[in-house]
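Order of appearance sets the numbers: ligands from 1, and atoms from 1 within every ligand. The shown structure was predicted, so the numbers you read here are calculated from the model rather than taken from an experiment.
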Amino acid sequence: MSEMNVETAGRQSSPLGDEIASRINRLGAISETSTNLTRIFLTPEHRAAADQIMSWMGEAGMRAHLDAIGNVCGRYEGERPGSPCLMLGSHYDTVRDAGKWDGPLGLITAISCVADLYRRGRRLPFAIEVTGFADEEGVRFASTLLGSRAVAGTFNESVLGTKDKSGISMREALIQFGLDPDHVGAAARIRNELLAYLELHIEQGPVLEARSLPIGVVTAIAGATRLAARLTGIAGHAGTVPMALRRDALAGAAECISKIEELCRTDEGGLVGTVGYIHATPGATNVIPGQAHFTIDLRAPTDVHRKRAVTDIVRQIEAIAKRRKLELQVDVTHENRTVPCAPWLKAQVAEAVAAEGHPVFELPSGAGHDGMAMVDIADVGMIFVRCRGGISHHPDEHVDVADADAGARVLLRLIENFRPRDEAQ
Ligand SMILES: [Zn+2]
């Protein structure tokens with residue numbers, strides 16, 4: 001990839017940013033295929049990436065090990081060994097044909113920050129742990145946040161029977177990887193061991209770029225509701241059935257989609273809605289569609305707002321179906337609560353951002369993150385770093401070295417000035 005050359009050519013003297021970018025490239029080369037980046041849970045690439053990350057952790061003065069689900073865990077002791085930790089982390093699995101920065105930026109930046117403390121011989125009144133989550137994206141077993149759920153003690157053992165595309169169950173895959181499926185519970189941590197969970201991540205959206213800001217303070221990880229809608233009308237001959245007598249399911253779906261878009265566009269509370277899938281049957285040029293299925297993905301910064309929007313949208317599409325004499329069935333297929341970032345942590349992130357000379361700008365995360373699982377055992381905070389064009393889950397995903405450096409400096413400042421919740425209030 002030419003990106004590395006461009007970055008090297010445009011080098012600014014920023015030791016952390018350069019180290020981070022070069023490690024991003026090294027980790028990005030560990031892939032199932034040589035032409036694009038795909039690194040999936042419990043594969044040889046997972047293993048190779050874990051070994052690489054653990055060796056960086058070792059160089060940064062951390063004790064590193066692989067936990068019972070395949071997460072990499074590094075610990076940098078504080079002034080007194082055995083103290084509770086500030087946990088930093090992100091994931092190192094990828095989607096298929098991924099970008100290099102989604103996940104690894106947070107993990108590698110955290111390691112670079114610890115390495116900087118270690119080089120200066122600096123110990124803090126608390127320990128720092130860096131966790132690289134083995135599966136956040138959920139590509140292999142269609143179940144997300146497996147790594148962070150194991151750490152939070154909420155790993156659901158019923159998923160062990162889930163099979164991947166080639167028929168290998170998670171149980172078998174864990175054994176092949178050298179882990180014991182009956183001891184995933186050993187990865188769990190308890191609340192008393194953690195002072196907070198803090199994650200730096202690329203924004204994966206265009207908001208920071210549009211405001212010319214390198215860094216954002218995350219307010220919440222937006223909850224999501226996914227619905228599956230099915231409209232049933234009557235299939236018929238495209239030539240013989242007069243327009244007034246038709247019960248066209250696809251035309252009804254089109255009206256529903258426009259309505260959903262309109263409702264979200266006019267919402268002022270940050271509601272976003274997407275219809276990303278539609279299928280009409282029988283699906284022939286000369287047949288009036290008798291049935292249409294589509295999905296709806298709704299997200300908002302608060303649960304109250306999202307739930308109100310779901311009710312509103314269902315009511316509106318019910319009215320459309322009724323007027324068009326279509327039968328409507330709507331099912332909730334997925335629901336995630338909103339995870340607000342803890343105000344006391346958000347305040348410390350904002351302080352660090354300001355102290356580094358950047359304007360403090362708050363924004364919610366529309367994408368899901370490991371904090372959604374970690375909130376069960378710790379208060380969660382997040383820092384966003386600008387990414388080019390807001391592009392993510394794509395090979396063109398890119399972060400400028402200067403922005404990676406800015407993110408690292410904010411994180412390092414935050415770590416060095418970190419006050420646990422009791423002292424912060
Ligand atoms: Zn991610």
With 2.8 Å as the limit, count the protein N, O or S atoms near the Zn ion (ligand 1). 3

Here's one to test your reading of the geometry: is the NZ or CZ of R123 within 45 degrees of the ring axis of Y76 and under 6.0 Å from its centre? yes

Take the angle between the ring planes of H293 and H279 and call it parallel below 30°, perpendicular above 60°, tilted in between. tilted

Heavy-atom neighbours of R119 CZ exceed 12 at 6.0 Å: yes

Parallel, tilted or perpendicular for F418 and F126, by the 30°/60° rule? perpendicular

Could you tell me whether R265 atom CZ has more than 12 heavy atoms of other residues or ligands within 6.0 Å of it? no

Can you tell whether the side chains of D135 and R140 come within less than 4.0 Å, N to carboxylate O? no

